[in-house]
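Counting starts at 1 for both ligands and their atoms, in listed order. Counting begins at 1 with the first residue of the sequence.
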Amino acid sequence: MKRALITGITGQDASYLAELLLDKGYKVFGTTRRTSTVNNERIKHIEDKIQIIPSDLLDQSSLNNAILESEPDELYNLAAQSFVKTSWNQPVLTGEFTALGVTRILEAIRTINPKIKFYQASSSEMFGKVTETPQREKTRFYPRSPYGVAKVYGHYITVNYRESFNIFACSGILFNHESPRRGLEFVTRKISHGVARIFLGKQDKIELGDLKPKRDWGFAGDYVEAMWLMLQQKVADDYVIATGENHSVKEFAELAFRTVGINDWEKHVVSNISSHMRPAEVDYLIGDYSKAKKVLGWRPKTSFKKLVEMMVKADIELEKNK
Ligand code: NDP
Ligand code: GDR
């Protein structure tokens with residue numbers, strides 16, 4: 001039985017990855033940081049099948065201990081301060097978690113068991129103000145937020161430990177991926193949740209920021225399979241994971257409203273650009289996943305329309321039962 005350790009087990013991606021690994025017969029361990037209230041919503045349905053280990057990205061000994069306790073064959077580093085907007089309010093902490101946290105884990109692997117295969121959750125935010133379209137593995141990074149900068153560090157330290165110490169370390173450069181388990185502060189879930197509540201007569205408007213930015217949005221459940229595939233290869237490498245299609249925030253909102261039969265959607269959306277302004281914006285992302293398709297045999301399975309419908313339907317069910 002293979003063993004896997006996932007950092008940030010309470011997060012969106014970790015919940016899907018844990019399901020996938022359990023289905024494949026893995027023994028799954030996950031780390032949680034200490035919080036004053038338990039935050040296990042996303043993994044409630046599998047809680048009895050996984051083993052939780054307390055550990056924080058800031059605390060080296062807790063990371064060492066997580067590895068000593070779980071003895072993993074594969075380690076997936078999904079923990080991070082992952083909200084781009086917050087990274088301007090907490091730039092140093094974002095660097096500590098999202099950048100230096102990666103080095104702490106790699107150091108733990110290097111000193112405890114360098115045979116552990118490592119996955120780093122890199123991001124399309126590293127491309128930021130894009131220098132090439134579509135973005136691929138060799139596209140120059142131009143991050144636009146403390147989060148993006150921290151992810152660039154995490155990416156290069158992963159490459160560096162692979163080249164310096166021969167650790168099997170992969171970096172998955174994942175474009176935005178969403179699901180009904182997405183945090184409510186991200187724009188897609190904010191929209192699907194707001195649309196559900198408007199449909200049920202519980203609210204009238206959603207306040208958003210700029211509706212123009214475009215993202216390459218995929219389904220998180222499809223993307224965790226790519227993470228696993230990367231660690232099953234003979235050689236460690238880096239891959240872009242995306243759908244190859246992008247849409248604006250406006251298109252997402254329009255489709256979400258149409259899903260519930262509301263066509264005059266603009267009546268329900270307030271675009272308050274100044275109060276949601278980011279000091280620097282990422283306007284346009286679209287990924288080229290041809291390397292992942294060729295080497296990993298991976299491709300996205302869920303269309304944009306299906307994703308939007310899935311999220312709105314799930315939020316209607318959630319809000320109906322409240
Ligand atoms: P989430 O925000 O849903 O989950 C992040 C996880 O990290 C949570 O479990 C959180 O714990 C944990 N965490 C935060 N800070 C610490 C810390 N100091 N020590 C230990 N754990 C911590 O993110 P996603 O699931 O969406 O993303 C997973 C990873 O992939 C992240 O690294 C993200 O940056 C990256 N990524 C995500 C993309 C996306 O579109 N979803 C795209 C590209 C990259 P808690 O619940 O306690 O807050
Ligand atoms: P992003 O996701 O920054 O791409 O990072 P987010 O959903 O926060 O923003 C996407 C775009 O929508 C615009 N926007 C709004 N965003 C939010 N959150 N709330 C609003 O009301 C709103 N109105 C417009 C934003 O300005 C932006 O242009 C996500 C995270 O999961 C990262 O961790 C991950 O690395 C990247 O995706 C790839």
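Counting only non-hydrogen atoms, the option in Arg278, Lys85, Lys190 that gets closest to atom 8 (O) of ligand 2 is Arg278. Comparing heavy-atom distances from atom 9 (O) of ligand 1 across Leu78, Asn77, Thr10 singles out Thr10 as nearest. The heavy atom nearest to atom 18 (N) of ligand 2, considering only Arg182, Glu185, Arg144, is found in Glu185. Heavy-atom proximity to atom 23 (O) of ligand 1, evaluated over Gly218, Ala150, Ala121, Ser82, is greatest for Ser82. Ranked by closest heavy atom to atom 14 (C) of ligand 1, the top entry among Ala80, Ala79, Gly101 is Ala80. Nearest to atom 26 (O) of ligand 1 by heavy-atom distance, out of Gln120, Arg182, His177, Arg215, is Arg182. For atom 5 (O) of ligand 2, the candidate residues are Val84, Ile191, Leu184; the nearest heavy-atom contact is made by Val84.
The protein atom (non-hydrogen) at minimum distance from atom 24 (C) of ligand 2 is Asp210 O, 3.0 Å. The shortest contact between atom 26 (O) of ligand 2 and any protein heavy atom is with Glu281 OE2, 2.6 Å. The protein heavy atom nearest to atom 43 (C) of ligand 1 is Leu174 O, 3.2 Å. Here the heavy atom of the protein found nearest to atom 23 (N) of ligand 2 is Gly209 N, 2.8 Å. Nearest to atom 32 (O) of ligand 1 among the protein's heavy atoms is Lys151 NZ, 2.9 Å. The nearest heavy-atom contact from the protein to atom 33 (O) of ligand 2 is Ser82 O, 2.6 Å. If you check which protein heavy atom lies closest to atom 1 (P) of ligand 2, you get Asn176 ND2, 3.8 Å. Protein heavy atom in closest approach to atom 3 (O) of ligand 1: Gln12 N, 3.0 Å. Nearest protein heavy-atom contact of atom 34 (C) of ligand 2 is Tyr147 OH, 3.5 Å.
An N or O contact shorter than 3.5 Å links Gly11 to ligand 1 by distance. The N/O atoms of Ser55, backbone and side chain alike, include none that comes under 3.5 Å of an N/O atom in ligand 1. Residue-to-ligand polar distances place Asn39 within reach of ligand 1: an N/O pair is separated by less than 3.5 Å. Taking only nitrogen or oxygen atoms, main chain and side chain alike, Asp56 reaches within less than 3.5 Å of ligand 1. Polar contact with ligand 1: absent for Phe97 (N/O pair, distance under 3.5 Å). Polar contact check, Ser123 against ligand 2: a nitrogen or oxygen pair lies under 3.5 Å apart. For ligand 1, the polar-atom distance check against Asp13 finds a nitrogen or oxygen pair separated by under 3.5 Å.
Heavy atoms of Arg215 found under 4.0 angstrom from ligand 2 belong exclusively to the side chain. Neither the backbone nor the side chain of Asp283 has any atom closer than 4.0 Å to an atom of ligand 2 (non-hydrogen atoms only). For Ser122, every heavy-atom contact with ligand 1 shorter than 4.0 Å involves the backbone, none the side chain. Contact annotation: for Arg33 versus ligand 1, heavy atoms closer than 4.0 Å belong to the side chain alone. When non-hydrogen atoms are compared, ligand 2 lies under 4.0 Å from the backbone of Leu208 as well as from its side chain. Under 4.0 Å from ligand 1, the heavy atoms of Tyr147 that appear belong solely to its side chain. With a 4.0 Å heavy-atom cut-off, ligand 1 is reached by the backbone of Leu57 and by its side chain too. Of all the heavy atoms of Val187, the ones lying under 4.0 Å from any atom of ligand 2 are found in both the backbone and the side chain. Proximity of Pro213 to ligand 2, defined as any heavy-atom pair under 4.0 Å, is confined to the side chain (atoms from C-beta onward).
Under the side chain to side chain contact (heavy atoms under 4.5 Å, CB included) rule, Val152 has a single partner from Tyr142, Phe141, Tyr147, which is Phe141. Considering Phe257, Phe186, Trp265, Phe304 in turn, Phe304 is the only one that fulfils the ring-ring contact (aromatic ring centres under 6.0 Å, His included) rule with Phe252. Paired with Ile173 under the rule side chain to side chain contact (heavy atoms under 4.5 Å, CB included), one option of Gln120, His155, Arg136, Gln135 passes, and it is His155.
In this structure, Tyr289 has its ring center at least 6.0 angstrom away from the ring center of Tyr223.
Listed by atom number, the atoms of ligand 1 under 4.0 Å from Ser123 heavy atoms are 43 (C), 44 (C). Which parts of ligand 1 touch Asn176 is read off a 4.0 Å heavy-atom cut-off, strictly below it: atoms 40 (O). Close contacts between ligand 2 and Phe83 involve ligand atoms 8 (O), 18 (N) [criterion: under 4.0 Å to a heavy atom].
Listed for the Asp222 side chain is no donor-acceptor partner under 3.5 Å among the backbone atoms of Pro300. Of the possible polar contacts, one joining the Glu137 side chain to the Val240 backbone as a donor-acceptor pair under 3.5 Å is found.
Of all heavy-atom pairs between Ser123 and Lys151, the closest is CB-CG, 4.2 Å. Of all non-hydrogen atoms in Phe118 and Val102, the two that sit nearest each other are CZ-CG1, 4.0 Å.
Looking at heavy atoms from C-beta onward, Gln12 lies in side-chain contact with His177 at the 4.5 angstrom threshold.
The cationic atom of Arg110 (NZ for Lys, CZ for Arg) does not lie both less than 6.0 Å from the six-membered ring centre of Tyr161 and within 45° of the ring axis.
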